[in-house]
Amino acid sequence: MPTALQSQIAMTETTRNGRETRSGQESHATGWFRATAPLWPLGLARILYGYLWWQQSGWKVPSDDFGRKSGGGLWYWVHQEIQYPTVAAYKNFLVNVMIPHWTIFGWMTLITETFIATTLILGLGTRLGSLVAIGMAANITIGILNVPHEWGWTYTMLIMFLLTDAGRSFGIDAFLAPRLDRAAADGSRVAWLIRWLV
């Protein structure tokens, strides 16, 4: 005759096995959707995309007034966007706002692309950097979509890191996120907001 302890153990095993069976069935049904992959490939891709942004910021040269003196660089590409407009309102913005305030927009472009590159390469504030990259990539895509020999998908692919934890692999975000999670759990709204950005 089983003891009370043995009966309790048997019931616990049955309950646990039942849960395991149900979760196993659920896992089989939705496993393809919930499957996770290691983060290191995403971390590596993030660094490479960051380097791409860094490389692109390299030809925004302040000493050349961002291409205005030489006719190259950013100046050349903005004039390509004006010559082959995708949207008339965007062309009007370039002609009537950007060109008259060229140096300010040149600095804004350089600083923005350098910021994106830094966040992605370091994995620091990756989602914030990705959000800025989405805005920048959308801006560039609208501008170059009709320019001959340009491929608009190049820029649209740069949005991939916004909803991921790409900074958690090979990135500073991996060290910040747990601390921010604890602070957010303790009720810090600032920590919750910053946590979303990493």
My understanding is that a hydrophobic cluster links ILVMFWY residues whose side chain heavy atoms are under 4.5 Å apart, including indirect links. Using that, what else belongs to the cluster containing Phe175? none
All N/O donor-acceptor pairs, side-chain side in residues 70-80, below 3.5 Å, sequence neighbours left out:
| from | atom 1 | to | atom 2 | distance (Å) |
| --- | --- | --- | --- | --- |
| Ser70 | OG | Asp64 | OD2 | 2.6 |
| Ser70 | OG | Gly72 | N | 3.2 |
| His79 | ND1 | Trp75 | O | 2.9 |

State the CG-CG distance between Leu193 and Leu197, to the nearest 0.5 angstrom. 5.0 Å
Could you state the interatomic distance from CG (Leu131) to CD1 (Ile116), rounded to the nearest 0.5 Å? 10.0 Å
Report all side-chain donor-acceptor pairs from residues 108-115 shorter than 3.5 Å, counting only partners two or more places apart or in another chain.
| from | atom 1 | to | atom 2 | distance (Å) |
| --- | --- | --- | --- | --- |
| Thr109 | OG1 | Phe105 | O | 2.8 |
| Thr112 | OG1 | Met108 | O | 2.7 |
| Glu113 | OE1 | Ser57 | N | 3.4 |
| Glu113 | OE1 | Lys60 | NZ | 2.9 |
| Glu113 | OE2 | Lys60 | NZ | 3.4 |
| Thr114 | OG1 | Leu110 | O | 2.7 |

How long is the span from the CG atom in Leu120 to the CZ atom in Arg46, to the nearest 0.5 Å? 7.0 Å
Got a list of side-chain donor-acceptor pairs under 3.5 Å for residues 82-95, not counting sequence neighbours?
| from | atom 1 | to | atom 2 | distance (Å) |
| --- | --- | --- | --- | --- |
| Thr86 | OG1 | Ile142 | O | 2.8 |
| Thr86 | OG1 | Asn146 | N | 3.4 |
| Tyr90 | OH | Asn139 | O | 3.4 |
| Tyr90 | OH | Asn139 | OD1 | 2.6 |
| Asn92 | ND2 | Ala88 | O | 3.4 |

Approximate separation, where rounding is to 0.5 Å, of Thr126 OG1 and Tyr49 OH: 15.0 Å
Apply ring pair (Phe, Tyr, Trp, His ring centres under 6.0 Å) to Trp192 and list each qualifying residue two or more places apart in sequence or on a separate chain. none
Residue pairs fulfilling salt bridge (Lys or Arg N to Asp or Glu O under 4.0 Å) with at least one residue in residues 49-58, sequence neighbours excluded: none
Can you name the side chain to side chain contact (heavy atoms under 4.5 Å, CB included) partners of Ala183, sequence neighbours left out? Ser188, Ala191
Applying side chain to side chain contact (heavy atoms under 4.5 Å, CB included), name anything that partners Thr103, two or more places apart in sequence or on another chain. Asp65, Phe66, Arg68, Trp107
Pairwise salt bridge (Lys or Arg N to Asp or Glu O under 4.0 Å) hits with a residue in residues 134-146, at least two apart: none
Same cluster or not: are Trp196 and Leu128 linked, directly or through other Ile, Leu, Val, Met, Phe, Trp or Tyr residues, by side-chain heavy atoms under 4.5 angstrom apart? yes
Tell me whether Ile121 shares a hydrophobic cluster with Ile172, the cluster being built from Ile, Leu, Val, Met, Phe, Trp, Tyr side chains joined at under 4.5 Å. no
Each residue besides Val61 in its hydrophobic cluster should be listed here, by chain and number; the cluster joins Ile, Leu, Val, Met, Phe, Trp and Tyr at side-chain heavy-atom distances under 4.5 Å. none
Separation of Thr141 OG1 from Ile134 CD1 (nearest 0.5 Å): 11.0 Å
Where at least one partner belongs to residues 174-184, residue pairs that pass side chain to side chain donor-acceptor pair (under 3.5 Å), sequence neighbours excluded: Asp181-Arg195
Trp54 meets the side-chain hydrogen bond (donor to acceptor under 3.5 Å, both in side chains) criterion, sequence neighbours left out, with none
